[in-house]
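Read through the structure below, which is laid out as structure tokens, and then see the notes.
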2 protein chains.
Amino acid sequence: MWADNQQREPRTDQPDGPRRRATIHDVARLAGVSRQTVSRAVNDKGEIDPATKERVLEAARLLDYRPSRFARGLVRKGAVTAGLVIPDLMNPFFPEVAAGVLEAAEQRGWQVVVWDSRTDDTREREALDVLSHQADAVVGYFRNEDDILARHLGGVPLVLLERGPQQTRFAAVGIDAAAGLEQGIAHLVRAGHRRIGMLDGDRRDVPGPRREAFLAEIRRHGLSVDESWVVMCPEHSVAGGEAGMARLLDSRPEVTAVFGFNDLIAIGAMRAARRAGRRVPDDLAVMGFDGLSLGELVEPALTTLHLDKRQLGRLAVEQVARLRAGEGPLNGADAWVRPELVVRGSA
Amino acid sequence: MWADNQQREPRTDQPDGPRRRATIHDVARLAGVSRQTVSRAVNDKGEIDPATKERVLEAARLLDYRPSRFARGLVRKGAVTAGLVIPDLMNPFFPEVAAGVLEAAEQRGWQVVVWDSRTDDTREREALDVLSHQADAVVGYFRNEDDILARHLGGVPLVLLERGPQQTRFAAVGIDAAAGLEQGIAHLVRAGHRRIGMLDGDRRDVPGPRREAFLAEIRRHGLSVDESWVVMCPEHSVAGGEAGMARLLDSRPEVTAVFGFNDLIAIGAMRAARRAGRRVPDDLAVMGFDGLSLGELVEPALTTLHLDKRQLGRLAVEQVARLRAGEGPLNGADAWVRPELVVRGSA
DNA sequence: TTGTACGCGTTATCAT
DNA sequence: ATGATAACGCGTACAA
């Protein structure tokens, strides 16, 4: 039976290009000990002579030896890596969600590899193609349909952000848009508004929960509304909101209040309205959704449906944990974050 | 010579707790083929009968089989993971840097695992303790000294953000604060200001590049300045800036212009000044540093020394690449990002 | 088309 | 205190 020591003398005469990384075996040879001893020294276990330990460490230093995380992971179980897919790091909303994910992951001793999909379906799939190989679970925002996601997931557990159980077969953490809009529209109606528009961020043909909740509340209050009161903002940014508001003022100049898909869009609406000569909130009330701290800095400060974004991220990690434990995901109210109306100057 | 097939029948009768994950071997057994065939099916190489392939994939599905990323990484080289350590995800500056890192990393096919150190020295070290085992290189913001970093790095390459070569023995990507402040102070002086204060973010005892550049420029213009004109904002946030400005107005009520360590602090300064009854920019000019898009939304819009934050991130990744290639890091102007004065309403 | 026999770099177990 | 040997799970020449 060959000792594998003897079998191992490959490409030692290679013109070391990017220089093959030293292995435990190289260190062992240089220090004149066995691999096992090197392992003991490096991971400073006991049961090793201080002298040899020092000799080994010196050799390791010399060779710039670092244990392979792959070999190590193979034999020591327990290193968990989660993938996080975010649509747009420039939108302050998502870093805050990410902070929640990182926080919860760290507490469990997990690592998080982050991808920015830039709200691009193709990039979402690419992210999954990679993460399905390199992560033990994925959480994030996705526009692709369930089937497509599943195809690129290769069996890796997925937790969707801002999706209700009705809208996906994957585990999810949602936002209770209905509960939010109920407070929001009630506030506007209470203030006397009857002609309320919306700057939506979803696609015209696939109304999201926010638009549906908006329309439902408007109708519940007996106000008239049709598609002409909802304009699309594909951009999800201040600029997108400005453009959208300009169009809304064009098609529905009689509007007295607008609800923005998110705070960025709402802030854009404020700016566009002002530029069009309307004062906020006197001539036009503006309400946002998200509760970015940014909203407190603009003038007037933004009234908004505030969301606990960190909690969203934390919940997502909890869902992942349940999936991994085979417990079945959280459902119902436990997997939802409820917005809370924060009234400031703009409405 | 034993076929290792036969040697492998361990703990098959375990009361599978968190259920041992299926291996390629399990799939092979269930499908009645060799592991090699499973491998071919899963990685869809050619040279496999479509029928058996389907049978294998079915078995894999049944067992919820996913190849171990460790075993795979062991045999296929090339999967690079970089660690990114950020002080505060809530400060819009850092997500933008992160975006640059992610972008550049993705182009190279690398992954990035992110840590939020919350500007905490202890957490920085903890991050390194983990990342030194799980990442092939680390880039980020660190307050710990070189020696400490090295100790927790275990030989993993490190690229420091916002440090000049003079200030560290590690590879670094810096910001040319001097070039920025030269423009900034010149602008203020040109506007007639002679009593200029600073809201600094660094520690009183260890002046950072921004403060040093600030003092140098002030002196270069022959203006008088001493420590009483510089107040500390440990917070690096709007609130921190508000508090700092209040203190500055207290100790130096004659101030006519302030330079903020970053845009957040500068915005806080504007708010505090206004609250104290001073108009911006008429009674007090305010200049920021960073060029956050947030600065365009406040009123008046913030004059600032704008930085290409994505570029900062991209450069950091490039430094990592050079380190890995053994090329020695970029130095001098190539590893620096230069601020650019953007004049808006506040100064 | 399918299977055999290693090797990847590390740690754990059991001797010595 | 140190070393030999066997896993860990997967990919891959090479043989069949």
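Proteins come first, then strands; the chains are lettered A, B, ... in the order of their sequence lines, and each starts at number 1.
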Check your understanding: Can you find a pair of side-chain heavy atoms, one from L102(A) and one from W115(B), that are under 4.5 Å apart?
Key ->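 When only atoms from C-beta onward are counted, W115(B) and L102(A) do not touch, as no gap falls below 4.5 Å.
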
Check your understanding: Side chains of T81(B) and V113(A): does their closest heavy-atom pair fall under 4.5 Å?
Key ->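 They are not in contact (no side-chain heavy atoms under 4.5 Å apart), so the answer is no.
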
**Study point:** Pairs involving residues 68-84 of chain A, ordered by first then second residue, that meet salt bridge (charged side-chain N to carboxylate O under 4.0 Å, His left out) (sequence neighbours left out)
**Key:**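 For residues 68-84 of chain A, and leaving out neighbouring residues, the salt bridge (charged side-chain N to carboxylate O under 4.0 Å, His left out) pairs sorted by first residue read R69(A)-D136(B).
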
Point to revise | Pairs involving residues 103-119 of chain B, ordered by first then second residue, that meet salt bridge (charged side-chain N to carboxylate O under 4.0 Å, His left out) (sequence neighbours left out) | key: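 The answer is R123(A)-E106(B), E103(B)-R310(B), E103(B)-R314(B).
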
Is [X] near enough to [N] that one of its side-chain N or O atoms lies under 4.0 angstrom from OP1 or OP2?
{"X": "K77(A)", "N": "dT10(C)", "answer": "no"}
{"X": "T37(A)", "N": "dT2(D)", "answer": "no"}
{"X": "S39(B)", "N": "dG11(D)", "answer": "yes"}

From C-beta outward on [X], which listed nucleotide comes closest to its side chain: [options]?
{"X": "V33(A)", "options": "dG3(D), dT10(C), dG3(C)", "answer": "dG3(D)"}
{"X": "V75(B)", "options": "dG3(D), dT2(D), dC10(D)", "answer": "dC10(D)"}
{"X": "S68(A)", "options": "dG9(D), dG9(C), dT2(C)", "answer": "dG9(C)"}
{"X": "S34(A)", "options": "dG9(C), dG11(D), dA4(D)", "answer": "dA4(D)"}
{"X": "A71(A)", "options": "dA12(C), dT10(C), dG11(D)", "answer": "dT10(C)"}
{"X": "L74(B)", "options": "dC8(C), dC10(D), dA12(C)", "answer": "dC8(C)"}

Whole angstrom value for the distance that separates [atom2] of [N] from [atom1] of [X]:
{"X": "R72(B)", "N": "dG11(D)", "atom1": "CZ", "atom2": "P", "answer": "5 Å"}
{"X": "D136(A)", "N": "dG9(D)", "atom1": "CG", "atom2": "P", "answer": "14 Å"}
{"X": "I48(B)", "N": "dG3(C)", "atom1": "CD1", "atom2": "C1'", "answer": "12 Å"}
{"X": "R21(A)", "N": "dG9(C)", "atom1": "CZ", "atom2": "P", "answer": "10 Å"}
{"X": "H25(A)", "N": "dG3(D)", "atom1": "NE2", "atom2": "C1'", "answer": "13 Å"}

Going by side chain to side chain donor-acceptor pair (under 3.5 Å), name the residues that satisfy it together with [X], two or more places apart in sequence or in a different chain.
{"X": "E124(B)", "answer": "N144(B)"}
{"X": "D334(A)", "answer": "none"}
{"X": "T168(A)", "answer": "D146(A)"}
{"X": "E96(A)", "answer": "none"}

Check your understanding: Got a donor-acceptor pair under 3.5 Å from the side chain of R35(B) to the base of dG3(C)?
Key ->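 Absent.
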
Check your understanding: In residues 51-60 of chain A, which residues come under 4.0 Å of DNA chain C by heavy atom?
Key ->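 Nucleic-acid contacts, sorted: none.
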
Point to revise | Partner set under side-chain contact (heavy atoms from CB on, under 4.5 Å) for A316(B), not counting sequence neighbours | key: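 side-chain contact (heavy atoms from CB on, under 4.5 Å) list for A316(B), sorted by chain: V139(B), V159(B), L161(B), V173(B).
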
**Study point:** Set of side-chain contact (heavy atoms from CB on, under 4.5 Å) partners for Q166(A), sequence neighbours left out
**Key:**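 For Q166(A) there are no side-chain contact (heavy atoms from CB on, under 4.5 Å) partners, ignoring immediate neighbours.
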
Point to revise | Inter-end axis angle, the helix from dT1(C)-dA16(D) to dT16(C)-dA1(D), with every axis fitted to five base pairs (rounded, 10 degrees) | key: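 Comparing the first five pairs with the last five, the axes sit 40° apart.
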
Practice item. State whether R55(B) and E58(B) are salt-bridged, where the test is any N-O pair (Lys NZ or Arg NE/NH1/NH2 against Asp/Glu carboxylate O) under 4.0 Å. Key: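 Salt bridge: no.
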
Tabulated below should be each protein N or O lying under 3.5 Å from an N or O of nucleotides 13-16 of chain C; please produce it.
none

Check your understanding: Who pairs with F94(B) by ring pair (Phe, Tyr, Trp, His ring centres under 6.0 Å), at least two apart in sequence or on another chain?
Key ->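 F94(B) satisfies ring pair (Phe, Tyr, Trp, His ring centres under 6.0 Å) with Y141(B) once adjacent residues are dropped.
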
Exercise for review: Would you mind classifying the nucleic acid contact of R66(A) as base, sugar-phosphate or nothing, using non-hydrogen atoms under 4.0 angstrom?
Suggested key: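 Here R66(A) touches the backbone only, sparing every base.
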
